[in-house]
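Single-structure report; data block below.
Worth knowing before you read on, the calculation uses all heavy atoms, side chains too, and leaves out hydrogens, waters and symmetry mates.
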Amino acid sequence: MSVSDIDLIHAWKQVLTLSRLEAGQTVTVLTGADTHPQTLRCAIAASSEMGARVNRLDLPPVNAEKSLSRDSLAYLGTTPLTGNPAAIAALKASDLVLDLMTLLFSPEQHEILQTGTKILLAVEPPEVLCRLVPTEGDRARVQAASKLIEAAGQMHITSAAGTDLRCRLGSFPAICEYGFVDQPGRWDHWPSGFVLTWPDEGESNGRVVLDRGDILLPMKDYVTEPIELVIEKGYVTRISGGLQADILKEYMASYEDPEAYAVSHIGWGLQPRAHWSMLAHYNKETHIGMDARAFEGNFLWSMGPNNEAGGSRTTACHIDIPMRHCSVALDGKPTVINGVVQDEEGLARAAKRSKQGKDIA
Ligand SMILES: O=c1ccc(O)c[nH]1
């Protein structure tokens, strides 16, 4: 279902205002072969109306012939910026880059951010961008959660299905994703609404049991039968289950990279306007699954790179796994219990749902 240019321009103006765009600043819209034309048209209209000097930098696609997926978050690392000093220079000279192409997890992205340039990724379909337009409330909620992570030495994740994973924390910062870039040098992703960090290298141990309804990305599949992953010293050492486990194993093996099995970011979803059920309604190739990453109360963990947090692992294989019905504790203090975020908003929503009998088990 489409949204009007007016609605998308208003959404862009909300995001750009929250991102503190000022008249006279330089905005460079980074585009590629898969950029959505309406997202591009409305990004330029909104930035121009706010008085920015708007450029567009269109880069040729790379990696497609290497990837088994058309999802722009599946095959990471090299981007059209790799070995492209002219393009990098243009982005470093910009105050704000609107990434409609996907630079995520690229070494060049860090180089550009370090100059103070802000980068906002926005590649979901226009109607998803409008439905999940960020708010200051999203920022406040995610930042509050990040403070809990910053103060903790261990994250312990459990579930009735059998997950029992302990991750030592401390080497890496908490990363807030709330959908706009309000500080120089900040990267964010619209849409989002979750908090994450990386465990200390080699310090994740235990097992994760994916249960019916947990999600595999970039496959965009709901798990239908349990998949068990054993994690030892920061790496997944065994994956067992049914057909979906075989598909996951074969896909990861195709990268021929042992680093693909490293535990990457861990955290939880805080976006009540994102929905677990969304993947059931969309063709896999029309979105990148941000509803799955952001839905309130998920436990989102991943395998693969850690360069996003300042680590040195830039493996091209990136698997994101949002899970339902998990409990997340920081130094023994629960932040999520059985998929319910233990902050004021989360508890109020859970109480309302159960009172209305909406909380169908
Ligand atoms: O916004 C994102 C998207 C993918 C990911 O793995 C982390 N954050």
Side-chain angles (χ1 to χ4, degrees), residues 11-22 25-32 34-36 39-40 42-44 46-47 50 52-59 61-63 72-73 76-124 129 132-134 138-139 142-143 146 173-196 265 288 290 293-294 305-311 314 318:
W12 266 114
K13 288 182 70 176
Q14 177 164 329
V15 170
L16 295 172
T17 303
L18 287 168
S19 300
R20 299 182 179 167
L21 177 63
E22 293 166 12
Q25 287 188 322
T26 298
V27 170
T28 297
V29 185
L30 185 58
T31 60
D34 302 319
T35 294
H36 194 290
T39 302
L40 171 60
C42 295
I44 292 174
S47 305
M50 291 176 68
R53 176 189 304 274
V54 185
N55 301 318
R56 175 183 171 182
L57 177 59
D58 189 67
L59 295 171
V62 294
N63 295 335
S72 61
L73 291 184
L76 294 166
T78 54
T79 74
L81 289 185
T82 308
N84 186 346
I88 291 173
L91 300 185
K92 283 182 176 178
S94 305
D95 297 291
L96 171 60
V97 173
L98 303 181
D99 176 7
L100 310 189
M101 184 201 74
T102 307
L103 289 176
L104 188 59
F105 288 98
S106 68
E108 295 80 12
Q109 175 165 291
H110 278 280
E111 201 187 316
I112 293 160
L113 290 169
Q114 274 159 0
T115 67
T117 298
K118 302 186 282 189
I119 301 178
L120 182 69
L121 174 60
V123 294
E124 283 288 46
L129 294 176
L132 296 177
V133 67
D138 294 339
R139 172 175 58 188
V142 172
Q143 285 181 334
S146 74
I175 304 279
C176 294
E177 291 199 30
Y178 45 76
F180 53 93
V181 283
D182 48 339
Q183 300 296 336
R186 176 173 171 73
W187 172 87
D188 209 316
H189 188 173
W190 169 31
S192 58
F194 48 91
V195 66
L196 49 88
H265 56 79
I288 58 167
M290 290 310 289
R293 290 186 181 87
N306 71 352
N307 62 301
E308 206 62 16
T314 58
H318 179 47

Which distance, rounded to the nearest 0.5 Å, do you find between the [atom1] of [X] and the [atom2] of [Y]?
| X | Y | atom1 | atom2 | result |
| --- | --- | --- | --- | --- |
| N84 | L57 | CG | CG | 7.5 Å |
| D188 | I119 | CG | CD1 | 11.5 Å |
| D99 | W187 | CG | CH2 | 9.0 Å |
| L129 | Q14 | CG | CD | 12.0 Å |
| N55 | L98 | CG | CG | 11.0 Å |
| L120 | H189 | CG | NE2 | 8.0 Å |

Look at the side chain of [X] and the backbone N and O of [Y], then say whether any donor-acceptor pair between them is shorter than 3.5 Å.
| X | Y | answer |
| --- | --- | --- |
| Q25 | E22 | yes |
| S192 | G179 | yes |
| H265 | A309 | no |

Nearest heavy atoms of [X] and [Y], plus distance in Å:
| X | Y | value |
| --- | --- | --- |
| P107 | T314 | CG-CG2, 4.4 Å |
| G32 | D58 | N-OD1, 3.6 Å |
| K118 | G185 | CG-N, 3.9 Å |
| L18 | P134 | CD1-O, 3.4 Å |

Would a 4.5 Å heavy-atom cut-off, applied to side chains only, mark [X] and [Y] as touching?
| X | Y | value |
| --- | --- | --- |
| I288 | S72 | yes |
| L21 | S19 | no |
| M290 | L132 | no |
| E108 | L91 | no |
| F180 | T17 | no |
| Y178 | Q143 | yes |
| Q109 | E308 | yes |
| D182 | R139 | yes |

Item to complete: For E124 and H36, run side chain to side chain contact (heavy atoms under 4.5 Å, CB included): C-alpha distance rounded to whole Å, both residues' side-chain angles, the deciding distance at 0.1 Å, then the answer.
Response: CA-CA 9 Å; E124 283 288 46; H36 194 290; over 6 Å; no
Discussion item. For N63, give me all partners under side chain to side chain contact (heavy atoms under 4.5 Å, CB included), at least two apart in sequence or on another chain.
Written reply: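 For N63 the side chain to side chain contact (heavy atoms under 4.5 Å, CB included) partners, ignoring immediate neighbours, are K66, Y75, T78.
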Item to complete: Kindly write out the residues that satisfy side chain to side chain donor-acceptor pair (under 3.5 Å) with T79, not counting sequence neighbours, or none if the list is empty.
Response: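 Scan of T79 (side chain to side chain donor-acceptor pair (under 3.5 Å), adjacent residues dropped) gives none.
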Worksheet item: How far apart are the C-alpha atoms of L121 and L103, what are their side-chain angles, what is the distance that settles it, and do they pass the side chain to side chain contact (heavy atoms under 4.5 Å, CB included) test?
Response: CA-CA 8 Å; L121 174 60; L103 289 176; over 6 Å; no
Discussion item. For I88 and E111: C-alpha separation, side-chain torsions, deciding distance, then whether side chain to side chain contact (heavy atoms under 4.5 Å, CB included) applies.
Written reply: CA-CA 9 Å; I88 291 173; E111 201 187 316; 3.8 Å; yes
Practice prompt. Determine, stepwise, if the pair I112 / L81 fulfils side chain to side chain contact (heavy atoms under 4.5 Å, CB included).
Written response: CA-CA 11 Å; I112 293 160; L81 289 185; 3.6 Å; yes
